[in-house]
Amino acid sequence: LKSWNKAIKKQIQEGNVNRGLTTFVSMQEKGFHPDNFTFPILIEAASCRSLISLGYALHSHTIKSGYCDDLYVQTSLLNMYSSFENVHHAYKVFKQMPVKDIIAWNSMLDAYASNGYTKEAAMLFESAPLKDVTSLNIMISGHAKAGQFQLALALFNAVPARDTASWNSMIFACSLAGHMEEARRLFDKVPKKNIVTWNTMVSGFLKTELYVEVLELFNQMRAENFKPDHVTISSVLAA
RNA sequence: AUUGUUCUUAGGAGC
């Protein structure tokens with residue numbers, strides 16, 4: 001069963017969801033029943049491809065096979081409905097979870113924050129018994145996407161426990177609001193930049209047509225031994 | 001190391 005799951009995951013990671021589903025079917029034909037490891041793999045594939053009817057089918061399959069009470073299965077279903085922008089179903093799953101760990105709380109927080117339910121997100125963030133830096137990051141990027149630059153900044157400043165993703169989200173929030181000088185100021189203060197930090201800054205400058213700054217950034221990138229990745233390339237190509 | 005949460009580009013998918 002382990003190797004079936006591994007095979008399905010590998011096929012999906014290679015971008016071949018159909019192949020993964022075929023494997024899923026043949027494993028059952030050979031008498032292997034999917035377990036609590038199998039479902040999250042398939043559910044996540046349905047999420048990122050927006051395969052809505054597959055998602056529903058998988059959900060009912062988890063119920064029929066008795067795996068719907070597994071924490072990982074539940075969390076992946078929650079996130080699946082969130083990615084389908086179906087916050088009500090996401091909440092329904094969340095509400096029915098008897099045990100919720102921090103990932104479950106963060107997943108529900110993200111369901112609200114990423115789908116524009118800013119009030120609900122803020123309330124959940126206040127009341128959540130389990131929080132970490134990811135919860136903060138979810139809130140910052142939620143505010144950013146909602147065009148609430150000031151709220152994002154206030155939260156960012158209020159919480160000293162930040163990681164690189166927090167900085168990246170805040171830089172992104174600045175770019176969205178058109179505050180490129182602030183974005184650059186933060187960028188220069190990031191303690192540990194990663195490739196996303198660079199890409200966020202590059203695409204911010206590209207969107208605001210600050211091409212000289214983009215070139216400077218590329219030089220600085222080389223000086224600091226970062227290599228452009230496929231995201232860097234496609235953001236330049238798109239501009 | 002068989003599974004679930006947050007940050008950047010494009011595309012795809014849906015509305």
Side-chain angles (χ1 to χ4, degrees), chain A residues 1-10 12-13 15 17 27 34-55 62 67 70-80 82-86 90 93-94 97 100-114 121 125 128 130-145 152 156 162-176 183 187 190 193-207 228-239:
Chain A
L1 190 55
K2 244 190 194 181
S3 26
W4 284 103
N5 289 340
K6 267 186 171 166
I8 294 174
K9 178 162 197 190
K10 191 170 164 224
I12 286 173
Q13 275 174 344
V17 176
M27 81 183 266
D35 66 1
N36 50 328
F37 286 76
T38 321
F39 286 113
I41 299 171
L42 292 165
I43 291 168
E44 203 201 339
S47 307
C48 59
R49 300 267 165 141
S50 299
L51 301 170
I52 298 186
S53 36
L54 175 64
T62 64
Y67 284 108
D70 178 85
L71 180 61
Y72 281 62
V73 172
Q74 291 165 334
T75 310
S76 60
L77 286 169
L78 197 174
N79 286 302
M80 178 188 81
S82 170
S83 78
F84 294 166
E85 299 170 38
N86 194 331
V93 173
F94 179 73
M97 296 175 67
K100 302 175 176 81
D101 67 0
I102 190 158
I103 296 190
W105 283 95
N106 284 341
S107 298
M108 191 61 229
L109 190 63
D110 182 59
Y112 283 143
S114 297
F125 184 66
L130 300 169
K131 281 182 244 193
D132 63 5
V133 66
T134 298
S135 329
L136 170 74
N137 297 343
I138 291 168
M139 289 302 293
I140 293 176
S141 82
H143 284 139
K145 288 174 199 152
F156 180 80
R162 309 164 186 139
D163 64 8
T164 302
S166 325
W167 287 89
N168 296 345
S169 302
M170 198 55 233
I171 292 169
F172 183 62
C174 293
S175 314
L176 280 184
F187 177 82
V190 181
K193 296 187 189 71
N194 61 20
I195 187 65
V196 178
T197 318
W198 290 95
N199 289 342
T200 306
M201 200 65 236
V202 167
S203 71
F205 282 146
L206 285 173
K207 264 182 281 184
D229 68 356
H230 71 280
V231 175
T232 328
I233 308 292
S234 52
S235 52
V236 173
L237 289 180

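Order of the sequence lines sets the chain letters (A, B, ...), proteins ahead of strands, with each chain counted from 1. Note that these values count all heavy atoms, side chains included, but never hydrogens, waters or copies made by symmetry.
- Across all strands shown, Lys145(A) has heavy atoms under 4.0 Å from sugar-phosphate atoms exclusively, and none from any base.
- Remark: P of U2(B) and CD1 of Ile43(A) are 19 Å apart, rounded to the nearest angstrom.
- Rounded to whole Å, atom P of A1(B) lies 14 Å from atom CZ of Phe37(A).
- Ser107(A) comes within 4.0 angstrom of sugar-phosphate atoms only, judged by non-hydrogen atoms across all strands, and of no base.
- In this structure, the nucleotide among C7(B), U2(B), G4(B) sitting nearest to the side chain of Ser141(A) is C7(B).
- As judged by a 4.0 angstrom heavy-atom cut-off over every strand, Asn79(A) is placed among residues touching the sugar-phosphate backbone only.
- When each of U2(B), U8(B), U6(B) is scored by its nearest atom to the side-chain atoms of Asn137(A), the top-ranked nucleotide is U6(B).
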Inset, instruction - Produce a footprint string for nucleotides 9-15 of chain B: one letter per nucleotide, 5' end first; B if the base is under 4.0 Å from any protein heavy atom, S if only the sugar-phosphate is, - if neither. - result: BS-BBB-
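- Every ring pair (Phe, Tyr, Trp, His ring centres under 6.0 Å) that Phe39(A) has, sequence neighbours left out, goes to His61(A).
- For Leu1(A), the side chain to side chain contact (heavy atoms under 4.5 Å, CB included) partners at least two apart in sequence or on another chain are Asn5(A), Met27(A), Phe32(A), Asp35(A).
- What separates CG of Asp132(A) from P of U5(B) is a distance of 13 Å, to the nearest Å.
- Between the side chain of Thr75(A) and the base of G4(B), at least one donor-acceptor pair of N or O atoms lies under 3.5 Å.
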Inset, instruction - Fill in the dot-bracket string of RNA chain B, one character per base: . for unpaired, | for a pair to another strand, ( ) or [ ] for pairs within the strand, taking Watson-Crick or G-U pairs under 3.5 Å. - result: ...............
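- Checked against Asn168(A) for a side-chain hydrogen bond (donor to acceptor under 3.5 Å, both in side chains), the options Thr197(A), Asn199(A), Asn137(A) give a single hit: Thr197(A).
- Taking atom CD1 on Ile41(A) and atom P on G4(B), their separation rounds to 8 Å, with Å as the unit.
- Residue contacts for Asp101(A): at a heavy-atom cut-off of 4.0 Å it reaches a base atom on one of the strands shown.
- Cation-pi check for Lys2(A) over Phe37(A) is not met; the charged atom does not lie both under 6.0 angstrom from the ring centroid and within 45 degrees of its normal.
- To the nearest angstrom, P of A1(B) lies 13 Å from NZ of Lys9(A).
- At a cut-off of 3.5 angstrom, the base of G4(B) holds no donor-acceptor pair with the side chain of Asp70(A).
- Protein atom CG of Asn5(A) is 12 Å distant from nucleotide atom P of G4(B), rounded to whole Å.
- Checked against side chain to side chain contact (heavy atoms under 4.5 Å, CB included), Leu130(A) has the following partners two or more places apart in sequence or in another chain: Ile102(A), Trp105(A).
- Looking at Asn79(A), its side chain does come within 3.5 Å of a backbone N or O of Thr75(A) through a donor-acceptor pair.
- Applying the salt bridge (charged side-chain N to carboxylate O under 4.0 Å, His left out) criterion to Lys193(A), with sequence neighbours excluded, gives Glu224(A).
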Show me the side-chain donor-acceptor pairs of residues 43-51 of chain A shorter than 3.5 Å, one per line, residues at least two apart or across chains.
{"residue": "Ser47(A)", "atom": "OG", "partner": "Ile43(A)", "partner atom": "O", "Å": "2.9"}
{"residue": "Arg49(A)", "atom": "NH2", "partner": "Gly15(A)", "partner atom": "O", "Å": "3.4"}

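- For Asp70(A), the side chain to side chain contact (heavy atoms under 4.5 Å, CB included) test picks out Asn36(A), Tyr72(A), Val73(A), with sequence neighbours left out.
- With sequence neighbours left out, the side chain to side chain contact (heavy atoms under 4.5 Å, CB included) criterion links Asp101(A) to Leu71(A), Ile103(A), Ala104(A).
- Mapping Ala165(A) and Leu77(A) onto RNA chain B by nearest heavy atom places Leu77(A) at the nucleotide closer to the 5' end.
- Asp110(A) has its CG atom 5 Å from the P atom of U6(B), to the nearest Å.
- Of the candidate nucleotides C7(B), U6(B), G4(B), C7(B) has the atom lying nearest to any side-chain atom of Val196(A).
- The interatomic distance linking Phe156(A) (CZ) with C7(B) (P) rounds to 16 Å, in whole Å.
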